[in-house]
Amino acid sequence: MAKIGIPHSLFYYYHYPLWKTFFEILGVTVITSPPTNRLIINKGLNLAVDEACFPIKVYFGHVEELCKEDIDYIFLPRMVSIEKKGYICPKFMGLPNMIKAALPNLPPVIDITIDLSKTDKKLKSDVIKIGQLFTDDNKLIKRALVAATNEFYLCRSLTKQGYSMSEAIKVWAGEEVNFSKANDLTICLLGHGYSLYDEAISLNVINKLRNLGVRVVLPEYLERKKVEEYAATVPKRVFWTLGRKMVGSALYSEKNPEIDGIIYLACFGCGPDSLIGEIIERKVKEKPFMLLTIDEHTGEGGFMTRIEAFCDMLKRRREIIYEGNFSTYG
Amino acid sequence: MQYYLGVDIGSVSSNFVLLDEKLKLQEKVYMRTNGNPVEAIKKGYYKISNNMTSDKLIRGVGCTGSGRTLASILLGADIVKNEITAHGIAASYLYPGVRTIIEIGGQDSKLIILKDEVIQDFAMNTVCAAGTGSFIDQQAARLNIPISDFGDTAATSSQAVRIAGRCGVFAESDMIHKQQMGYPVSDILMGLCEALVRNYLNNLGKGKKIEAPIVFQGGVAANKGIKLAFEKILKMPVDVPEYYNVMGAVGVAILAKEAVSKSGKTNFRGHNFIQTGDFASNSFECKGCPNYCEVAMIKRDGKVLAYSGDKCGKWETTLHNLAVV
């Protein structure tokens, strides 16, 4: 049976259930690298070009780690666009080439181009071509694609229960995931999924907040339609898919009475973030907003200080608002 | 008299205050951390408690600053709080109605916006420490001017030279250039102060409305040049509190009183624990998983008091289990 390796990084956090289902129905064994750890980070930092953002560097480490496994193919999709008229950051477009340049002894690479900016017809025929590497049964391939799409939506629907995408993938795979259900505060936490849901990259910000008694609302949790509606209020349409989602989520959260404050986790080296963070900072006026910048540093002191101070501030503000309300009536 | 001890262990300075029941400051110690927080905590505690007849007089302890966890392990804290909250509490207690707090320390700079005594917004320098105390220290050393004279010298300047403030490295090369051109030192220093203030306002003040009353605290508030530069650029008066360099400690001491009045007792470990123990800290790389966490441990007389730095919490838990047994 053929074995295919999928790096546990970047779009893993969005699309893993899809590809896993697809390949397994075709009788292919799917192998992933372990969740990001120090060793993988160090490998990535050594291999990647300096200008790349941190999550991209980490991806290099995952690919190298995966190459140690006995795999027949490695799956490195070229992400260009996942919706009409919307794009992923250009670094993703060149990623398979960067990987091939940095790691010469790769197993055969499947670098399907995912570009839905104009039409999805090309992608479908490409996926079928990939399927044909493993089977001649075109009907099976088509069935696998339908099943894979269903599993993808099934997994994503788990985020409505408060799971992050990484937790949703675990639950989807049958693991049990517990997290603190405290809700002294509700904070909308935004960021690119591949930073946010990678515990090593995000310095485990989701659980750090939960441990401070926060209910964390993530972009996938918010109603898609509302997010798009609010995103459309900025004068020029944001053509980065993830960036537009962030802007819409932030503006929607600002008006959503459930949410006490908004945190944006940005990568120091991220081009789109440097603009999106700025747009959000300027637009969000009614609710506390904090931009947290992450990079390859491991010193968590300043990070923790900011999170704590932000939660303290939200709690104190709310106490005062409540006191104020009572006094008016009493 | 009974006291509340506030401790602020920062990157550059370690500060200790004793407040009485009425939250009036009775004693304060401001000293350099010198890269050894354990020693600084021991020494600082010794200095501040020197005139006290009994350690029973300490009713509560609060710790803040980047070394707050360490300090709470050594002293036994009733509250451990981040320095942003601590500074906000202190300033709004001493200056009711304060709207803006500018805090510049050794490695951190912060801007805190308050309304009705509550923090509404804050910003902290992200990846760059240009314009904080350690950079000013370094430049003073390069120009061979004692840091204590820096501000006064800058204040005598009548015409500040223009220095790039975006980045510490550029600021330094600008300064060297101006110095070789023959500009007087006082004008260069004042130019640097203005550059740092511009950098601070661009970085932290971006999108924030700075309103009076403004309080300027933290170690750098000792520098008259920076205060003047703030007043010149903001066109508003800037107040430097009497205890500007220990405000974080004051804030956390106030919070300690609050915490103890709720809990009814203090976690303070007492005089003997700190003074007679032989404290040592070391670290090792945990080989339990590929994360290779750098685990730090604090020992007292060979017995481990605390572990920190392990992502999974494995070492910390072993300690709790031992304590139970």
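Computed over heavy atoms, backbone and side chain alike; hydrogens, waters and symmetry mates excluded. By convention in this document, chain letters (A, B, ...) are assigned in the order of the sequence lines, proteins followed by strands, and residues within each chain are numbered from 1.
Shown here are the side chain to side chain contact (heavy atoms under 4.5 Å, CB included) partners of A:Lys283, two or more places apart in sequence or in another chain: A:Val234, A:Pro235, A:Leu251, A:Ile279.
Among the residues in residues 80-111 of chain B, those with a non-hydrogen atom closer than 4.5 angstrom to a non-hydrogen atom of chain A are B:Lys81, B:Asn82, B:Glu83, B:Ile84, B:Thr85.
Considering A:Ile41, A:Ile40, A:Asn37 in turn, A:Asn37 is the only one that fulfils the side-chain contact (heavy atoms from CB on, under 4.5 Å) rule with B:Pro290.
In the displayed structure, A:Lys181 atom NZ is contacted under 6.0 Å by more than 12 heavy atoms of other residues, nucleotides or ligands. Other residues, nucleotides and ligands contribute only 12 or fewer heavy atoms inside 6.0 Å of the CZ atom of B:Phe170. The number of heavy atoms from other shown groups lying within 6.0 Å of NZ (B:Lys314) is above 12.
Note that NZ of A:Lys315 and CD1 of B:Ile119 are 13.5 Å apart. Values are rounded to the nearest 0.5 Å. Atoms CZ and CZ, from B:Phe122 and A:Arg306 in turn, are 8.0 Å apart once rounded to the nearest 0.5 Å.
Annotation: side chain of A:Thr305 is in contact with side chain of B:Met124 (closest heavy-atom distance under 4.5 Å). With a 4.5 Å cut-off on side-chain heavy atoms, B:Glu117 and A:Arg316 do not count as touching. No side-chain heavy atom of B:Gln120 sits less than 4.5 Å from a side-chain heavy atom of A:Met313.
The list of side chain to side chain donor-acceptor pair (under 3.5 Å) pairs with a residue in residues 247-257 of chain A, not counting sequence neighbours, reads A:Lys255-A:Glu286. Listed by first and then second residue, the salt bridge (Lys or Arg N to Asp or Glu O under 4.0 Å) pairs that reach into residues 185-203 of chain A come to none, sequence neighbours excluded.
Ion pairing between B:Arg68 and A:Glu308 holds under the 4.0 Å rule for side-chain N and carboxylate O.
Residues A:Leu39 and B:Tyr292 approach most closely at CD1-CE1, 3.4 Å, considering heavy atoms.
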